[in-house]
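These notes concern the structure reproduced below.
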Protein chains: 2
Amino acid sequence: MSRGHIRVTEALRDEACPVTEVLDRVAGKWSIGILIAAAHGPVRFTELERSINGISRRMLTLTLRRLERDGLLVRTVYPTVPPKVEYTVTPMARELHDSLTGLVGWAERHRSAIAEARAAYDTATEQRPDID
Amino acid sequence: MSRGHIRVTEALRDEACPVTEVLDRVAGKWSIGILIAAAHGPVRFTELERSINGISRRMLTLTLRRLERDGLLVRTVYPTVPPKVEYTVTPMARELHDSLTGLVGWAERHRSAIAEARAAYDTATEQRPDID
DNA sequence: CTGCATCCTACACGATACTG
DNA sequence: CAGTATCGTGTAGGATGCAG
């Protein structure tokens, strides 16, 4: 698929908005989980697949590739008979770790509060369709 | 046990995916920008629209609604002749601020490094056997 | 074991126009 | 000023199957 001109657009947008830039890299449903799981040391493909609950093989591969492309992960292939591949976080990605765990910790602390806020909002927002 | 890092991944899995939860809330192209922009005090709709470069009115509204629903923003309407609406971050959202600015700061520090990593990766990947 | 190819659906997002 | 309504696009992500 040739998307050369698309890259230009992306580059322009990234220049304009550093905030968007963060999200484009760390966004995705599984990026943070992978980065945290790999933060402590080299992790194998299957190891990630098992530890990250709910991820499909396809998304694991795609996310891994994108993180590798952005220089957040290093992929090491051992040409053994059963293939062995290890993913290691780069120093750059390691700098992200604190913010990432901060995010996760925040989510854990406020999970119930958020659920309540949602329920309250939805209840208050529920309009009766038949108000004549 | 010599494989202590396994415990971390297991912990991640046991959490019923708080990671996904964070992203579901903070994800979206504009959430972080809005939360940071509103962190210093009440912000009006148009004020946000002007300060966040590139956001459409529709996405601003949608993101605002979602953040409000999750209890991260409080929406205050002043029934004046020209409508006035202010959005204020909740204490819960304020706790996120450090992690958020951490992310943005990280992005700014490593922007060029990431761009280089991307270019290098793409160059190494575009080894086309035959050129059309 | 570690992927890639293909098909498909959901939804995030943008553009535009209209409104109290 | 602060939205809502509608339409169209791209793409993230899931399911499944094949391969080195």
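Both backbone and side-chain heavy atoms feed into the values below; hydrogens, waters and symmetry mates do not. Bear in mind the structure is a predicted one, so any value in this text is a computation, not a measurement. Sequence lines set the chain letters: A, B, ... in the order given, protein chains first and strands last, and positions in each chain run from 1.
- Tyr78(A) and Leu64(A) are assigned to two separate hydrophobic clusters, defined by single-linkage of ILVMFWY side chains at heavy-atom distances under 4.5 Å.
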Using the salt bridge (Lys or Arg N to Asp or Glu O under 4.0 Å) rule, take Glu49(A) and Arg44(A) through it: C-alpha gap first, then chi angles, then the decisive distance, then the call. CA-CA 9 Å; Glu49(A) 192 178 12; Arg44(A) 298 187 59 175; over 6 Å; no
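- When rounded to the nearest whole Å, the span between CG of Leu60(B) and P of dG3(D) equals 8 Å.
- Side chain of Pro83(A), nearest nucleotide from dA2(D), dG20(D), dT6(C): dG20(D).
- For the pair Leu62(B) CG and dA12(C) C1', the interatomic distance rounds to 9 Å; values are reported in whole Å.
- For Thr61(A), the listed nucleotide lying nearest its side chain is dG3(C); candidates were dG3(C), dA2(D), dC1(D).
- dA2(D) atom P lies 10 Å from atom CG of Leu64(B), rounded to whole Å.
- For Met59(A), counting side-chain heavy atoms from C-beta on, the closest listed nucleotide (dG13(D), dG14(C), dG3(D)) is dG13(D).
- Checking dC4(C), dC13(C), dG14(D) against every side-chain atom of Trp30(A), the shortest atom distance belongs to dG14(D).
- The NZ atom of Lys84(B) sits 13 Å away from the C1' atom of dA2(D) (whole-angstrom rounding).
- Contact between Ser31(B) and Arg66(B) at its shortest, heavy atoms only, is OG-NH2, 3.6 Å.
- Across dT2(C), dG3(D), dG13(D), the shortest atom-to-atom separation from the side chain of Val85(B) is found for dG3(D).
- Atoms CD (Glu49(B)) and C1' (dC1(D)) sit 10 Å apart, rounded to a whole Å.
- Rounded to whole Å, atom C1' of dT2(C) lies 6 Å from atom CZ of Phe45(A).
- In this model, the phosphate group of dC1(D) is not approached by any side-chain N or O of Tyr87(B) to a distance below 4.0 Å at OP1 or OP2.
- In the set dA5(C), dA5(D), dA2(D), the nucleotide with an atom closest to the side chain of Arg57(B) is dA2(D).
- If you check every strand for non-hydrogen atoms under 4.0 Å, Arg44(A) touches sugar and phosphate atoms only.
- Note: the hydrophobic cluster containing Leu48(B) also contains Met59(B) (ILVMFWY, side chain heavy atoms under 4.5 Å, direct or indirect links).
- Contact annotation for Arg66(A): no contact, since no heavy-atom pair falls under 4.0 Å across all strands.
- Within 4.0 Å (heavy atoms only), Tyr78(B) reaches no atom of the nucleic acid at all.
- Linking Ile, Leu, Val, Met, Phe, Trp and Tyr residues whenever their side-chain heavy atoms come within less than 4.5 Å leaves Val74(A) and Ile34(A) in two separate clusters.
- With values rounded to the nearest 0.5 angstrom, Thr90(A) atom OG1 is found 11.0 Å from Glu68(A) atom CD.
- When the P atom of dA10(C) is taken as reference, atom NZ of Lys29(A) falls 14 Å away, rounded to whole Å.
- At whole-Å resolution of the value, CD1 in Ile34(A) and C1' in dA12(D) are 14 Å apart.
- The side chain of Arg65(A) approaches dC4(C) more closely than any other nucleotide in the set dG3(D), dC4(C), dG14(C).
- In this structure, of dA5(C), dT2(C), dC13(C), it is dT2(C) that holds the atom nearest to the side chain of Arg75(A).
- Under 3.5 Å, the side chain of Arg58(A) and the base of dG13(D) form at least one donor-acceptor pair of N or O atoms.
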